[in-house]
A.B. asks: 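Sharing a structure with you now.
Source: prediction; values computed, not measured.
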Amino acid sequence: MARSTFEPRTFAVNPDGIIELFINAKYMPIVAAPYDGDELRVDYYTSPEYPYDAHIEDGIVIIECPQNERASGLGGMFNMFMSSLSGINWQQLTIKVYVPRSYYGMLNLCTSCASISAHSLELHSRLHAQTSAAMIDVRGVIATTFMLATTSARIYAENAPACGDVDEAGRPAPLDCTISSTNGAVELRSFSTLGSLDCRTTNGFVQLHDVAIQGTLNCTTTNASIRLENVSVQDCAWVKTSNGSIKTDRLLARDISMETSNATIKGTIVGRHSDFTIDTHTSNGKCRPSRSRISTGRTLTAHTSNGNIGLDFVD
């Protein structure tokens, strides 16, 4: 098989009027970083077999390979394996995105079988990152909202506030965040959003540390544990797993629902016992607290099987 020769390319544009940067790469890692210059700049690679091209269409910067070329061929892992036989080291072909402060558009970063990272960015719009079989790493990024998705890999976000959009009156308008993986862990630290947070995976643990949510939390996984530490939710917190424990440390929410099987539910809830209508149930285990009188305020539901429930209330 002939060896494909890649050449570096740089695309730079004045960010005025650019509403989105869309990168559709295959197997190439993507790194987004701040830039002191005045242009929105992308360093990428192209070759005769994988003719990546950059152009602007309706205010959107698009960097991708034509659909009829090999980069968009058969399934990701198989195509990546076949191309590796020709001597291509995709990990050395990192696409680098340099974002100036004057850029107000969306970052839409897509690849497969390769990582995506974004560090130390002050965005004025959305960050969308999607890949497969590789990690997404977001640190020190401000955005209006986050949509992060991968498969068979971990998602990690730290110091990442989602500040919402701005309405016509100049007031912050909440936007919902979605963090999604399969067969991989999800970990959020010092994360906040003005909207709701949908945080889900399968066969991987979920850990939220120092997280503030102004809407609803929907946190789910399977066959793995969930840990919530210093998590504050303005509305409802829905926490569900199976064959894995749920542990809370100072969980605060108006209403709380926790469900698992074959594992324990334990930890601390911010509030007083008398604030809650409590519904706890297990089989082959002990419950603390037991069901209480009906309250007109908040609700706490905790269900498991073959495991203990031990929840305490703290100020």
A.B. asks: Please step through side chain to side chain contact (heavy atoms under 4.5 Å, CB included) for the pair V141 and L127, ending with a clear verdict.
C.D. replies: CA-CA 9 Å; V141 175; L127 173 61; 4.2 Å; yes
A.B. asks: Residues in side-chain hydrogen bond (donor to acceptor under 3.5 Å, both in side chains) with D255, at least two apart?
C.D. replies: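 Scan of D255 (side-chain hydrogen bond (donor to acceptor under 3.5 Å, both in side chains), adjacent residues dropped) gives T299.
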A.B. asks: Verify side chain to side chain contact (heavy atoms under 4.5 Å, CB included) between C199 and V206, making sure each step is shown before the conclusion.
C.D. replies: CA-CA 8 Å; C199 180; V206 177; 3.9 Å; yes
A.B. asks: Which residue pairs pass the salt bridge (Lys or Arg N to Asp or Glu O under 4.0 Å) test with at least one member in residues 217-226, sequence neighbours excluded?
C.D. replies: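 Qualifying pairs, neighbours excluded: none.
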A.B. asks: May I ask you to test the L175-L194 pair for a side-chain heavy-atom distance under 4.5 Å?
C.D. replies: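 No, side chains not in contact.
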A.B. asks: How many angstroms lie between CE in M258 and OG1 in T248, if you round to the nearest 0.5 Å?
C.D. replies: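 OG1 of T248 is found 5.5 Å from CE of M258.
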A.B. asks: How would you list all residue pairs meeting side chain to side chain donor-acceptor pair (under 3.5 Å) that involve residues 113-122, not counting sequence neighbours?
C.D. replies: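 Side chain to side chain donor-acceptor pair (under 3.5 Å) check on residues 113-122 returns R101-E122, H119-D137.
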A.B. asks: Test: ring pair (Phe, Tyr, Trp, His ring centres under 6.0 Å). Region: residues 166-189. Which pairs qualify, not counting sequence neighbours?
C.D. replies: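 Qualifying pairs: none.
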A.B. asks: Enumerate the salt bridge (Lys or Arg N to Asp or Glu O under 4.0 Å) contacts for residues 214-231, please, sequence neighbours excluded, ordered by first and then second residue.
C.D. replies: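 Applying salt bridge (Lys or Arg N to Asp or Glu O under 4.0 Å) to every pair that reaches into residues 214-231, excluding sequence neighbours, yields R227-E229.
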A.B. asks: According to side-chain hydrogen bond (donor to acceptor under 3.5 Å, both in side chains), who are the partners of N308, at least two apart in sequence or on a separate chain?
C.D. replies: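 Testing N308 for side-chain hydrogen bond (donor to acceptor under 3.5 Å, both in side chains), a comparison that skips the adjacent residues, returns none.
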A.B. asks: Mind telling me whether F6 and Y50 have parallel, tilted or perpendicular rings, with 30° and 60° as the class edges?
C.D. replies: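 The arrangement is parallel - the two ring planes meet at less than 30°.
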A.B. asks: Does R272 have more than 12 heavy atoms from other residues, nucleotides or ligands lying within 6.0 Å of its CZ?
C.D. replies: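 Not buried by this count: 12 neighbours or fewer within 6.0 Å.
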A.B. asks: Are L121 and L21 connected in the hydrophobic side-chain network, where two residues link if heavy atoms are under 4.5 Å apart?
C.D. replies: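 Cluster IDs for L121 and L21 match.
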A.B. asks: For the side chain to side chain contact (heavy atoms under 4.5 Å, CB included) test, which of V233, N218, L188 pairs with L197?
C.D. replies: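 Result: among V233, N218, L188, L188 is the only option passing the side chain to side chain contact (heavy atoms under 4.5 Å, CB included) with L197.
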A.B. asks: When hydrophobic residues are tied together by side-chain contacts of less than 4.5 Å, even through go-betweens, does L109 share a cluster with V42?
C.D. replies: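 Looking at the clustering, V42 is in the same group as L109.
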A.B. asks: Once salt bridge (Lys or Arg N to Asp or Glu O under 4.0 Å) is applied, what residue pairs with a partner in residues 160-170 remain, sequence neighbours excluded?
C.D. replies: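 Sorted pair list: D167-R171.
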A.B. asks: With D198, which residues qualify under side-chain hydrogen bond (donor to acceptor under 3.5 Å, both in side chains), at least two apart?
C.D. replies: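 D198 satisfies side-chain hydrogen bond (donor to acceptor under 3.5 Å, both in side chains) with R200 once adjacent residues are dropped.
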A.B. asks: Count the heavy atoms of every other residue, nucleotide or ligand shown that sit under 6.0 Å from CG of D38, and state whether that count exceeds 12.
C.D. replies: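 Incorrect, the count does not exceed 12.
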A.B. asks: Can you run down the ring pair (Phe, Tyr, Trp, His ring centres under 6.0 Å) pairs that involve residues 207-252, sequence neighbours left out, and say none if there aren't any?
C.D. replies: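 For residues 207-252, and leaving out neighbouring residues, there are no ring pair (Phe, Tyr, Trp, His ring centres under 6.0 Å) pairs at all.
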A.B. asks: Tell me, which pairs form a salt bridge (Lys or Arg N to Asp or Glu O under 4.0 Å) where one or both residues lie in residues 141-158, sequence neighbours left out?
C.D. replies: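 Sorted result for residues 141-158: R154-E187.
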A.B. asks: So which pairs with a foot in residues 138-192 pass ring pair (Phe, Tyr, Trp, His ring centres under 6.0 Å), sequence neighbours left out?
C.D. replies: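 Non-adjacent pairs meeting ring pair (Phe, Tyr, Trp, His ring centres under 6.0 Å): F146-F191.
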A.B. asks: To the nearest 0.5 angstrom, please state how far the CG atom of L93 sits from the CD1 atom of I30.
C.D. replies: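 The CD1 atom of I30 is 12.5 Å from CG of L93, to the nearest 0.5 Å.
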A.B. asks: For R9, check side-chain hydrogen bond (donor to acceptor under 3.5 Å, both in side chains) against everything at least two apart and list the hits.
C.D. replies: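 Once residues adjacent in sequence are excluded, the partners of R9 under the side-chain hydrogen bond (donor to acceptor under 3.5 Å, both in side chains) criterion are E7.
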